[in-house]
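First the proteins, then the strands, lettered A, B, ... as listed; each starts at 1.
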2 protein chains.
Amino acid sequence: MNPELDHEAIVAKLNTLIPPEDELGRITAIFKALGDPTRARILYALGVSKLSVGELAAGLDLTQSNVSHQLTVLRELKLVVGTRSGRNVHYQLADKHIISIFQQVAAHAEESNQAE
Amino acid sequence: MNPELDHEAIVAKLNTLIPPEDELGRITAIFKALGDPTRARILYALGVSKLSVGELAAGLDLTQSNVSHQLTVLRELKLVVGTRSGRNVHYQLADKHIISIFQQVAAHAEESNQAE
DNA sequence: AATACACATGAACAGTCATTCATATGTATG
DNA sequence: CATACATATGAATGACTGTTCATGTGTATT
């Protein structure tokens, strides 16, 4: 009833009110992956079209090696999937959901940028 | 008309089809901030209740200094706002939107975790 | 005004990470 | 089977980052 006591109770049980370590690790790993400009550009590009490693490298002005390394990271997090066709490997988003998450963060970024 | 040409055209103009550097920088800065477990826990905690620095430190088993440093990062990105009351500073989420973004990424994380 | 409390800030250190260069694997072509 | 092409992998390195320790700033209390 007393707001003070409620507040104390919340603080005492904070660790039970937020996600446990393993789940939190999976979540933050994804955010960390999205937090690098190179990987973000790759994901945006794949949001436009399914593309091969070479096309990504050419279109985004990146080293083939760099693109491949970043795709490995994104693949391990199941954010993209690659399918071989001949000697090329075509990558695509594993889930269109990613795009909408980017759009939401973009909205937040532009709005708080404008407000400053 | 020719799908091959469309594809080449996309690759050639990829840089115009994705966000420019400055906007992309603001977006990835936010993702990077969300990509650290300590900051994520702080944001989750603030999603439960408005809390002071000391309460966050106590409830999350973190150093006061550490909490303050991370809050500085979150404040600069306008993800949280702090208001002084006496000698305490109470922090709250700048935007409830953040929570729903976490929920979406959490959904993605758990689903691809289950699928493995 | 002096002391105690809450928070912020700065420097420093250890660990992490993005990128590059070199090389390996895999696949088609002649 | 040899060569060329596309992608993957490994090692090395320079830069960045999270945390700690020490200290500074701001605010209340006596």
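An OP1 or OP2 oxygen of D/dT17 is reached within less than 4.0 angstrom by a side-chain nitrogen or oxygen of B/K32. The shortest distance between the side-chain N/O atoms of B/Y91 and the OP1/OP2 oxygens of C/dA8 is below 4.0 Å. Contact annotation: B/T38 side-chain N/O to D/dT19 OP1/OP2 distance is under 4.0 Å. Taking side-chain N and O atoms only, A/R87 has no distance below 4.0 Å to OP1 or OP2 of C/dT29. Note on A/N88: every side-chain N or O is 4.0 Å or more away from OP1 and OP2 of C/dT27.
Side-chain atoms of B/S65 come within donor-acceptor range of the base of C/dT9, with a qualifying N/O pair under 3.5 Å.
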_Show, in sequence, the C-alpha distance, side-chain angles and deciding distance for B/L34 and B/R39, and conclude whether the side chain to side chain contact (heavy atoms under 4.5 Å, CB included) test is met._
CA-CA 6 Å; B/L34 307 184; B/R39 284 189 293 265; over 6 Å; no
*Is there a side chain to side chain contact (heavy atoms under 4.5 Å, CB included) between B/D36 and B/V73 once you walk through the steps?*
CA-CA 11 Å; B/D36 175 68; B/V73 174; over 6 Å; no
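Rounded to a whole Å, the CD atom of B/Q64 is 12 Å from the C1' atom of D/dC21. One can place NE2 of B/H90 at 11 Å from C1' of C/dA6, the figure rounded to the nearest angstrom. Between A/R75 atom CZ and D/dT9 atom C1' the separation is 11 Å, expressed in whole Å. As a whole-Å value, the separation of B/Q70 CD from C/dT9 C1' is 14 Å.
Shortest non-hydrogen contact noted between A/L77 and B/H108 is O-NE2, 4.3 Å.
The closest side-chain donor-acceptor pair between B/T72 and B/R75 falls under 3.5 angstrom.
Take the nearest nucleotide of DNA chain C for A/N66 and for A/S85: the residue whose nucleotide is more 5' is A/N66.
Applying the 5.5 angstrom centroid cut-off and the 30 degree plane-angle cut-off, the aromatic ring of B/H69 is not stacked upon the base of D/dT19.
Contact annotation for B/T63: backbone-only contact, meaning every heavy-atom pair under 4.0 Å involves sugar-phosphate atoms and none involves a base.
Side-chain atoms of B/T28 come within 3.5 Å of backbone atoms of B/L24 as a donor-acceptor pair (strictly under, hydrogens ignored). A donor-acceptor pair is defined here as one N or O able to donate and one able to accept, closer than 3.5 Å; such a pair exists between the side chain of A/S52 and the backbone of A/E55. Checked by atom type and distance alone, the side chain of B/E23 never pairs as donor or acceptor with a backbone atom of B/P20 at under 3.5 Å.
Using a 4.0 Å cut-off on heavy atoms, the residues of residues 49-62 of chain B that approach DNA chain C are B/S52, B/V53, B/G54, listed by number.
For B/R84, taking side-chain heavy atoms from C-beta onward, the closest of the listed nucleotides D/dG18, D/dT7, D/dG26 is D/dG26.
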